[in-house]
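Okay, structure first, notes after.
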Amino acid sequence: MPELPEVETVVRELNRALPGRRIRRVEVFRRDALGDVPTAVFADALAGRGFGPIARHGKFLLFRLDPSGFLVAHLRMTGKFILSDPLPGPQPHQRVWFHLADGQLLIFQDLRCFGTLAYVERLEDAPNLARLGLDPLAKDFTSRWLGEALAGSHAPLKHWLMDQTRIAGLGNIYACEVLFRSALSPKRRACRVRPEEARRLHRAIRAVLKLAIRKNGTTISDFQRVDEKFGEFQRYLKVYGREGEPCPACGAAIRRIPQQQRSTFYCAKCQS
DNA sequence: AGCGGAACCTGTCGGC
DNA sequence: TGCCGACAGGTTCCGC
């Protein structure tokens with residue numbers, strides 16, 4: 001489900017509602033998200049802690065807790081957080097309930113059970129977080145950095161953009177959209193991108209992500225915001241999911257090709 | 001280094 | 001109607 005703009009949308013909404021509130025207890029209905037950590041260890045670590053500000057790195061949500069520690073969450077394909085009034089019991093696909101001291105519930109819901117939740121004392125202890133590359137909305141993500149980073153890799157641009165150890169946050173939808181906007185082929189080797197093309201790519205990454213955040217992300221099948229409203233960026237998608245439709249720039253049919261066992265959508269005429 | 005394939009798990013949709 | 005395969009916004013691990 002979520003790529004950077006969807007996670008950012010969730011983070012902003014949680015930040016409006018959660019800081020200052022306290023977890024009374026944690027109820028786990030299905031423990032896949034916890035990995036090797038025993039349910040009781042996870043639940044006991046969180047009980048009694050308060051929520052501070054929530055941050056994001058790439059697609060990870062980082063909940064600062066009071067007086068110490070972090071809840072580190074990754075939504076993967078279908079994870080979502082929902083704030084709800086008390087319920088009689090878990091609704092379908094609800095995996096974890098964080099009972100708040102004021103009676104409301106912070107619900108972690110995840111149809112496919114790929115999402116992850118972890119409590120850590122220090123962010124350095126969070127599995128895989130340290131391997132993440134630059135967040136494309138951070139200040140140090142410059143077109144110069146991008147140009148130099150591209151130069152060292154033979155990977156096709158689409159793979160390169162989705163590699164979270166290089167840039168953290170782009171997934172299948174936004175990688176396709178960014179490449180269309182920069183008129184670069186998903187098959188182009190990273191090291192074959194010329195400096196002015198790298199500048200174009202950099203501008204496209206920033207522009208697409210910022211617009212998507214302004215539209216509260218993309219809802220294709222089931223992305224939901226914390227308040228259960230939907231994103232609107234799907235109305236602005238130029239190529240993703242539009243196989244066979246005319247390219248908005250030249251009218252040629254949008255193509256779908258497999259790359260890394262994912263679908264890539266692009267215009268073979270505009271993108272080279 | 002890169003790439004193909006499989007795995008994690010559940011659901012939907014289209015074709016026959 | 002019913003079964004079956006393809007596909008889904010993500011990531012990791014393994015082997016070549």
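Atom set for the values below is all heavy atoms of this structure, side chains included, hydrogens, waters and symmetry mates excluded. So that the names make sense, note that chain A is the first sequence line, chain B the second, and so on, each numbered from 1.
Of the candidates dC9(B), dG9(C), dC3(B), the closest approach to any side-chain atom of R112(A) belongs to dC9(B). Checking dC3(B), dT12(C), dC9(B) against the side-chain heavy atoms of H159(A) singles out dC3(B) as nearest. Taking the side chain of H93(A) as heavy atoms from C-beta on, and the options dT12(C), dT10(B), dG2(B), the nearest nucleotide is dT10(B). Listed candidates were dT11(C), dA8(C), dG2(B). Nearest to the side chain of S263(A) is dA8(C). Distances from the side chain of R131(A) to the nucleotides dT11(C), dC9(B), dT12(C) place dT12(C) closest.
Listed pair K59(A) / dT11(C) meets the phosphate criterion, a side-chain N or O lying under 4.0 Å from OP1 or OP2. Of the side-chain N and O atoms in S153(A), one or more sit less than 4.0 angstrom from OP1 or OP2 of dG2(B). Regarding contacts with the backbone of dT12(C), a side-chain N or O of N128(A) is found under 4.0 angstrom from either OP1 or OP2. Residue H74(A) has a polar side-chain atom (N or O) positioned under 4.0 Å from OP1 or OP2 of dT11(C). For R95(A), no side-chain nitrogen or oxygen approaches OP1 or OP2 of dC9(B) to under 4.0 Å. Contact check, R262(A) against dG9(C): a side-chain N or O comes under 4.0 Å of OP1 or OP2. At least one side-chain nitrogen or oxygen of R166(A) sits closer than 4.0 Å to the OP1 or OP2 atom of dG2(B).
The distance between atom CZ of R256(A) and atom C1' of dC7(C), rounded to the nearest whole Å, is 8 Å. When the P atom of dC3(B) is taken as reference, atom NZ of K158(A) falls 12 Å away, rounded to whole Å. We find that CD1 of I167(A) is positioned 13 Å from P of dT11(C), with the value rounded to whole Å. In this entry the distance linking CD of Q259(A) with P of dA8(C) reads 13 Å, nearest Å. Atom CG in L237(A) sits about 14 Å away from atom P in dA8(C), given to the nearest Å. Q164(A) places its CD atom 12 Å from the C1' atom of dG9(C), with the value rounded to the nearest Å. Between L61(A) atom CG and dG10(C) atom P the separation is 14 Å, expressed in whole Å. Put simply, CG on L129(A) is 11 Å from P on dT12(C), counting in whole angstrom units.
Of the nucleotides present, none pairs with dC9(B) by Watson-Crick or G-U wobble criteria with both distances under 3.5 Å. Across the strands present, dG9(C) finds no partner; the criterion is a Watson-Crick or G-U wobble pair with both atom distances under 3.5 angstrom.
Using a cut-off of 4.0 Å between Lys/Arg side-chain N and Asp/Glu carboxylate O, K215(A) and E232(A) are scored as not salt-bridged. Taking 4.0 Å as the cut-off between side-chain N and carboxylate O, R200(A) and E196(A) do not count as a salt-bridged pair. At a threshold of 4.0 Å, the pair R181(A)-E177(A) does not count as salt-bridged, since none of the basic side-chain nitrogens sits closer than that to a carboxylate oxygen.
Of all the heavy atoms in R76(A) and F114(A), the pair that sits closest is CG-O, 3.0 Å. Heavy-atom minimum distance, T78(A) versus C113(A): OG1-N, 4.4 Å.
A gap of 16 Å separates the P atoms of dC7(C) and dG4(B), to the nearest Å. Nucleotides dG5(C) and dA6(B), compared at atom P, are 14 Å apart to the nearest Å. Spacing of P atoms, dA6(C) relative to dG5(B), comes out at 13 Å, to the nearest Å. Taking atom P on both dG9(C) and dG2(B), the two are 23 Å apart, rounded to the nearest angstrom.
Relative ring orientation between F60(A) and H74(A) is described as perpendicular, the plane-to-plane angle rising above 60° on a 0-90° scale split at 30° and 60°.
Among the protein residues, D110(A) comes within range of no part of the nucleic acid, since none of its heavy atoms lies under 4.0 Å from any strand. Across all strands, Y174(A) comes closer than 4.0 Å to no nucleic acid atom at all (heavy-atom distances). Looking at heavy-atom distances under 4.0 Å, T116(A) makes no contact with the nucleic acid at all.
Judged by distance alone with a 3.5 Å cut-off, a donor-acceptor contact links the side chain of Q261(A) to the base of dG5(B).
Of the candidates F81(A), F70(A), Y119(A), F81(A) is the only one forming a ring pair (Phe, Tyr, Trp, His ring centres under 6.0 Å) with F63(A).
Centre separation under 5.5 Å together with a plane angle under 30° holds for the ring of F114(A) and the six-membered base ring of dC8(B), marking them as stacked.
Where C113(A) and Q260(A) each meet DNA chain B at their nearest nucleotide, the meeting point lying more 5' is that of Q260(A).
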